[in-house]
Amino acid sequence: MIRTTLSAARSARVGVRALSIPTTNFSLPDLTYDYGELEPFISAEIMKIHHTKHHNAYVTNLNTAFGKLVEAEAKKDVSSIIALQQVIKFNGGGHLNHSIFWQNLIPANKGGGHLADGELKNAITAQYGNLEGLKNAISTVSVGVQGSGWGWLGFDKTNNRLVVTSTANQDPLQATTGLIPLLGIDVWEHAYYLQYKNVRPDYLKNIFSVINWEDVAKRYAEAKK
Ligand code: MN3
């Protein structure tokens, strides 16, 4: 109800131009598994807080900033548009990154950690020797993130190569590097501290047991089109 009221008020304020602007807000996506299903690799407590508090906050803040952006654009207020860019990058990035992250995960007893034969496996074998080689590359880069950020497996469309890299804070991979995200590993402390304390390498070692390689392979196939 609140969303409808806000959208209506916004449309009324900015006039006809607002009719072409989507008035639906960004929303927190549901998970396809229960919070406890990634145990013992990621605790239910971490998953619940991560999803309902952290991701939810990015969505809430993005909606607030997006509303202001719509108004500023309607008024062609360039100064306000520029002032909103950092908050949109952070919270919009947080929303994009976590939306990928949840889909990149799946319970171990539902296929987590299993990479099936196919194009992705062939590419991984060609570039990293085998899946272990890729995991080591991702772990090394992810452990090396200073402060908060993400480890990534991305796809470089300019040369058809897989790329392992990292981004700082909530910088979204494609918008900030041009690489298409296939797998994102959240290495913010909120993703592991309650269970792993300061030992990020142990979190990285265990998270591969709940990686949804089928989802990664789908993103790879899509990226190659
Ligand atoms: Mn997070």
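For ligands, and for the atoms within them, numbers begin at 1 and follow the listed sequence.
With the Mn ion (ligand 1) at the apex, D186 OD2 and H50 NE2 define an angle of roughly 90° (rounded to 10 degrees).
Ring planes of H55 and H95: tilted class, angle from 30 to 60°.
Ring centers of W188 and H98: at least 6.0 Å apart, outside the cut-off.
In the displayed structure, E119 atom CD is contacted under 6.0 Å by at most 12 heavy atoms of other residues, nucleotides or ligands.
Among the atoms of H190, an N, O or S atom is found under 2.8 Å from the Mn ion (ligand 1). Metal site remark for the Mn ion (ligand 1): H54 contributes no N, O or S atom at a distance under 2.8 Å.
The residues K68 and E71 are annotated as not salt-bridged, no charged nitrogen and carboxylate oxygen being separated by less than 4.0 angstrom.
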